[in-house]
Amino acid sequence: MRIIAGDFKGRRLESPDDNQIRPTTDKVKEAMFSIIASEVPGSICVDLFSGTGNLGLEAISRGACKCYFGDNSRQSIGIIKRNIEHCKAESKSTVIPGDYSKVLEYIKEKADVFLIDPPYEAGYYENCFKRIKELNILSEEGIIVAEHRADLELSESIEGFTLIKERRYGNIVLSIYGR
């Protein structure tokens, strides 16, 4: 796993030895950032269910001014912090341990890009959208990028957010929502 483009291009990121974390593949990550390229520079991002920090660090590498990293796993929090340090991105990073709801409650500013990649079988998508709406933490022109399995169809509209684009990459789908 590596950073694909930008300031940290080519840096290898630490990942766990076991299969507890499912990092986004470089192919899907490259496609994702190609689709949202214009949204990232100067943005505030949230990498929810960060795992390794792979997506948030890619966003910072491509010009995001700040990223919140959240995860419920102690192992993941350690990996995220080491990857941030490896990329020398501490000044643009905030790591929040805890479940997604706690992470979202911690954020007190509007974010421009939410990267949501939860454990697929856990059914977190609608609850994440609901909390983002309730807390009113998505900027007016902001987007929510949800990575999910192809056999899980997300609705055209979730909690008032509307599907803008959807792209399939093998058995993975990227669904992008806005207001």
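Panel note: side chain N171, backbone A150; no donor-acceptor pair is recorded below 3.5 Å. Judged by distance alone, the side chain of D71 and the main-chain N or O of S76 form no donor-acceptor pair under 3.5 Å. Under the 3.5 Å distance criterion, the side-chain polar atoms of K108 are matched with a main-chain donor or acceptor of E105. With R2 contributing its side chain and R11 its backbone, the two residues share no donor-acceptor pair below 3.5 Å. Listed for the S73 side chain is a donor-acceptor partner under 3.5 Å among the backbone atoms of Q75. Remark: side-chain polar atoms of D117 are not paired, donor with acceptor, to backbone N or O of A146 under 3.5 angstrom. The backbone N or O of P118 sits nowhere less than 3.5 Å from a side-chain atom of H148 that would complete a donor-acceptor pair. In this structure, R131 contributes its side chain and L104 its backbone to no donor-acceptor pair below 3.5 Å.
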Dump the intermediate steps for side-chain contact (heavy atoms from CB on, under 4.5 Å) on K9 and I4, then the final yes or no. CA-CA 5 Å; K9 182 180 179 178; I4 296 169; over 6 Å; no

Worked check of side-chain hydrogen bond (donor to acceptor under 3.5 Å, both in side chains) between E109 and Y68: CA-CA 11 Å; E109 62 186 318; Y68 291 94; 2.5 Å; yes

Checking I176 against E166 for the side-chain contact (heavy atoms from CB on, under 4.5 Å) test, could you report, in this order, the C-alpha distance in whole Å, the side-chain angles of both residues, the deciding distance, and whether it holds? CA-CA 6 Å; I176 302 168; E166 192 168 77; over 6 Å; no

Between T94 and K66, does the side-chain contact (heavy atoms from CB on, under 4.5 Å) criterion hold? Intermediate values first, please. CA-CA 8 Å; T94 301; K66 183 177 193 176; 4.0 Å; yes

Set out, in order, the CA-CA distance, both residues' side-chain angles and the distance that settles side-chain contact (heavy atoms from CB on, under 4.5 Å) for S175 and L163, then state yes or no. CA-CA 7 Å; S175 297; L163 183 66; 3.8 Å; yes

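At most 12 non-hydrogen atoms from other residues, nucleotides or ligands lie less than 6.0 angstrom from CD of E85. Counting non-hydrogen atoms of neighbouring residues, nucleotides and ligands closer than 6.0 angstrom, the OH atom of Y169 exceeds 12 such neighbours.
Atom CD1 of I158 and atom CZ of F129 lie 4.5 Å apart (nearest 0.5 Å). Remark: F69 CZ to N83 CG distance equals 9.0 Å, nearest 0.5 Å. Taking NZ of K92 as the start and SG of C67 as the end, the distance is 11.5 Å to the nearest 0.5 Å. In this structure, CD1 on I80 lies 11.0 Å from CG on L13, to the nearest 0.5 angstrom. To the nearest 0.5 Å, atoms CD1 (I84) and CZ (F8) are separated by 9.5 Å. Interatomic distance, I116 CD1 to L174 CG, rounded to the nearest 0.5 Å: 12.5 Å.
A salt bridge does not link E126 to K130: none of the charged side-chain nitrogens sits closer than 4.0 Å to a carboxylate oxygen. At a threshold of 4.0 Å, the pair K110-E140 does not count as salt-bridged, since none of the basic side-chain nitrogens sits closer than that to a carboxylate oxygen. Under a 4.0 Å N-O distance rule, the pair K81/E90 does not qualify as a salt bridge.
Under the 4.5 Å side-chain heavy-atom criterion for ILVMFWY residues, a single connected hydrophobic cluster contains both I137 and V145. Hydrophobic clustering (ILVMFWY, side-chain heavy atoms < 4.5 Å, transitive): L57 and I79 are in distinct clusters. Follow the hydrophobic side-chain contacts under 4.5 Å out from L138 and you reach L48 in the same cluster. A continuous path of ILVMFWY side-chain contacts below 4.5 Å connects F161 to I143, so both sit in one hydrophobic cluster. The cluster map of Ile, Leu, Val, Met, Phe, Trp and Tyr, joined by side-chain heavy atoms under 4.5 Å apart, puts F114 and V95 in different clusters.
Using modelled atom types, one finds no donor on one side chain facing an acceptor on the other under 3.5 Å when comparing E156 with T162. D112 and S139 share a donor-acceptor pair across their side chains, judged by distance under 3.5 Å alone. Looking at Y100 and K102, their side chains never bring a donor and an acceptor atom within 3.5 Å of each other.
The two residues S15 and M1 have their closest heavy-atom pair at CB-CE, 3.6 Å. Closest approach of I60 to S93, counting heavy atoms only: CD1-OG, 3.5 Å.
Through direct or relayed side-chain contacts under 4.5 Å between Ile, Leu, Val, Met, Phe, Trp and Tyr, V173 connects to no other residue.
Note: Y124 and F49 meet the aromatic proximity criterion, with ring centroids under 6.0 Å apart.
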Output side-chain donor-acceptor pairs under 3.5 Å for residues 31-47, partner residues at least two apart or in another chain, one line each.
residue: S43; atom: OG; partner: V40; partner atom: O; Å: 2.6
residue: D47; atom: OD2; partner: G56; partner atom: N; Å: 2.9

